[in-house]
Structure formats: structure tokens, C-alpha cells
Amino acid sequence: MIPKDAARLWEELRHREPEEKLEWIRELARNPTPDSIEVLLDVLKQESWFLRDQAARALATLGEQVVDPLIEYLNSGLWYTRTAAASALGRMGLPVAAAPLVALLKDPNRTVRDAGRDALVLVCGNEMGRFEVAVAFRGLPERARQFALDGLASRNPEMAERVAALMHDPALPDQADRRPLARAVGDDGLHWGDVVGDEGAERETG
């Protein structure tokens with residue numbers, strides 16, 4: 001199967017039963033090749049929640065070969081693609097995803113921010129993941145730092161306490177080459193600039 005087949009497959013699968021769609025996605029993940037991975041990633045751009053969710057679950061089983069493209073998808077112009085990519089990265093639980101997921105907390109879409117928080121809880125499930133989340137949190141401006149911790153605590157208070165303890169450890173390194181977080185107005189009326197102040201450069205958000 002190659003990427004150019006994707007459009008035809010969407011049409012063929014449109015009226016099929018969910019079990020058939022699920023088997024198709026599983027088959028792509030069962031024998032991953034660069035082409036099948038590209039098709040799975042393309043599923044994250046589709047409007048079907050069911051297909052996106054199943055593709056995110058499948059991608060999460062493929063390891064580090066899909067981490068970089070999933071991180072790139074966190075900047076997609078489609079909110080549901082950003083959400084699906086965050087979900088896949090969270091399920092993988094790799095520490096390298098910590099900083100990109102923390103950056104997602106400034107997203108203008110509340111559903112995306114929630115997906116970022118949920119994913120961070122999963123990344124914090126291992127010691128190195130908690131360490132990287134703590135480093136990323138501590139690199140935020142003070143008010144944004146508390147905002148991030150509060151979001152984590154709303155999902156898992158115990159995990160948030162453990163991350164906060166790490167953040168106060170003088171041995172914790174500073175995050176190197178931290179990118180400034182952009183301002184964004186969320187669909188719930190929350191303005192990122194109200195949280196972080198005037199720090200960070202302006203950039204267009206999708």
C-alpha cells in the first residue's frame with residue numbers, strides 16, 4: 001500500500017463497518033514500512049474521529065520511528081490532528097515528547113490543550129519522563145509554570161506534586177534552547193498572554 005492509495009481507500013471505507021476500518025488500520029501497523037506509516041499519519045488528518053483514534057493507537061506502537069513526524073503534527077493547522085498526535089505521543093510515553101507537549105498547553109483550542117495535559121500525565125508515568133516534564137515546566141515564565149502545574153494536577157494531583165518537587169530540586173538543569181511560547185486566545189476565552197505576560201515572540205497560530 002502506498003500513500004497515493006489513501007484517497008481511494010477513504011472512499012471505499014466510508015460505508016464499511018467499523019470493524020473493517022479497524023482491521024485495515026491494524027494491518028498497516030502490523031507490517032510497518034515508510035509508506036504504510038505515511039498513510040497512518042495521513043489518517044490523523046481525516047475528519048473521522050474513529051479513524052483518527054485508531055490510527056493514533058496504532059502509531060503509538062511503532063516506537064521512535066514515528067516520534068518526529070508526530071511532533072511535527074503538533075503544529076498542524078487542524079485542531080483534531082494536533083489532538084490525535086498528542087494522544088499518540090502520550091501513549092508512547094517517551095521523554096523526548098515532554099517539551100513539545102508542554103508547548104501545546106498554549107494552544108488556542110481547549111480540546112488540544114486538554115489532550116496535551118492528558119498526554120503529559122502519561123509521559124510522567126516513568127522517571128525520565130517526569131524529569132523532562134519538570135525541566136520543561138521550569139523553563140516557563142512563572143505564571144505559565146503554575147498554569148501548567150494546575151493543569152497537570154487537575155488530571156493527577158499526585159503526579160503534579162512529584163513534578164513540582166523535581167522543579168524545586170537545585171540539581172535540575174535549565175531547559176536548553178527553549179523556544180518562546182506564543183500568545184493565543186482560546187475558545188474558552190483564556191488568553192495565553194494573560195498567563196505568561198509579555199514574554200515570548202508573536203507568531204501565527206493555526
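Inter-residue side-chain proximity for Leu89 and Leu74 is flagged as met; some heavy-atom pair is nearer than 4.5 Å.
Taking all atoms of both residues into account, the shortest heavy-atom contact from Leu28 to Val39 is CD1-CG1, 3.8 Å. For the pair Ala58 and Leu40, the tightest heavy-atom approach, listed with the atom from each and the gap, is CB-CD2, 4.4 Å.
Remark: Glu47 engages Tyr80 in a side chain to side chain contact (heavy atoms under 4.5 Å, CB included) (not counting sequence neighbours). Evaluation of the side chain to side chain contact (heavy atoms under 4.5 Å, CB included) rule for Ala164 yields Leu149 as partners, not counting sequence neighbours. Every residue meeting the side chain to side chain contact (heavy atoms under 4.5 Å, CB included) condition with Arg91, not counting sequence neighbours, appears here in chain and number order: Asp53, Ala56, Arg57, Ala60, Ser87. Residues satisfying the side-chain hydrogen bond (donor to acceptor under 3.5 Å, both in side chains) criterion with Asn126, sequence neighbours excluded, are absent altogether. With sequence neighbours excluded, no residue forms a salt bridge (Lys or Arg N to Asp or Glu O under 4.0 Å) with Arg26. Considering only residues two or more places apart in sequence or on other chains, Ala115 meets the side chain to side chain contact (heavy atoms under 4.5 Å, CB included) condition with Thr83, Ala86.
From Phe137, atom CZ reaches atom CG of Leu172 across 12.0 Å, with rounding to the nearest 0.5 Å. For the atom pair CZ of Arg117 and CG of Leu101, the computed distance is 12.5 Å after rounding to the nearest 0.5 Å.
For the salt bridge (charged side-chain N to carboxylate O under 4.0 Å, His left out) condition, the pairs that include at least one residue of residues 121-141, sequence neighbours left out, are Arg138-Asp174. Residue pairs meeting the salt bridge (charged side-chain N to carboxylate O under 4.0 Å, His left out) criterion with at least one partner in residues 153-165, sequence neighbours excluded, are Asp114-Arg155, Asp118-Arg155.
Between Glu27 and Arg30 a salt bridge is recorded (basic side-chain N to carboxylate O distance below 4.0 Å).
In this structure, the side chain of Ser76 does not engage the main chain of Arg82 through any donor-acceptor pair within 3.5 Å.
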Please report, to 0.1 Å, the donor-acceptor pairs under 3.5 Å made by any side chain of residues 64-73, with sequence neighbours excluded.
{"residue": "Gln65", "atom": "NE2", "partner": "Leu62", "partner atom": "O", "Å": "3.0"}

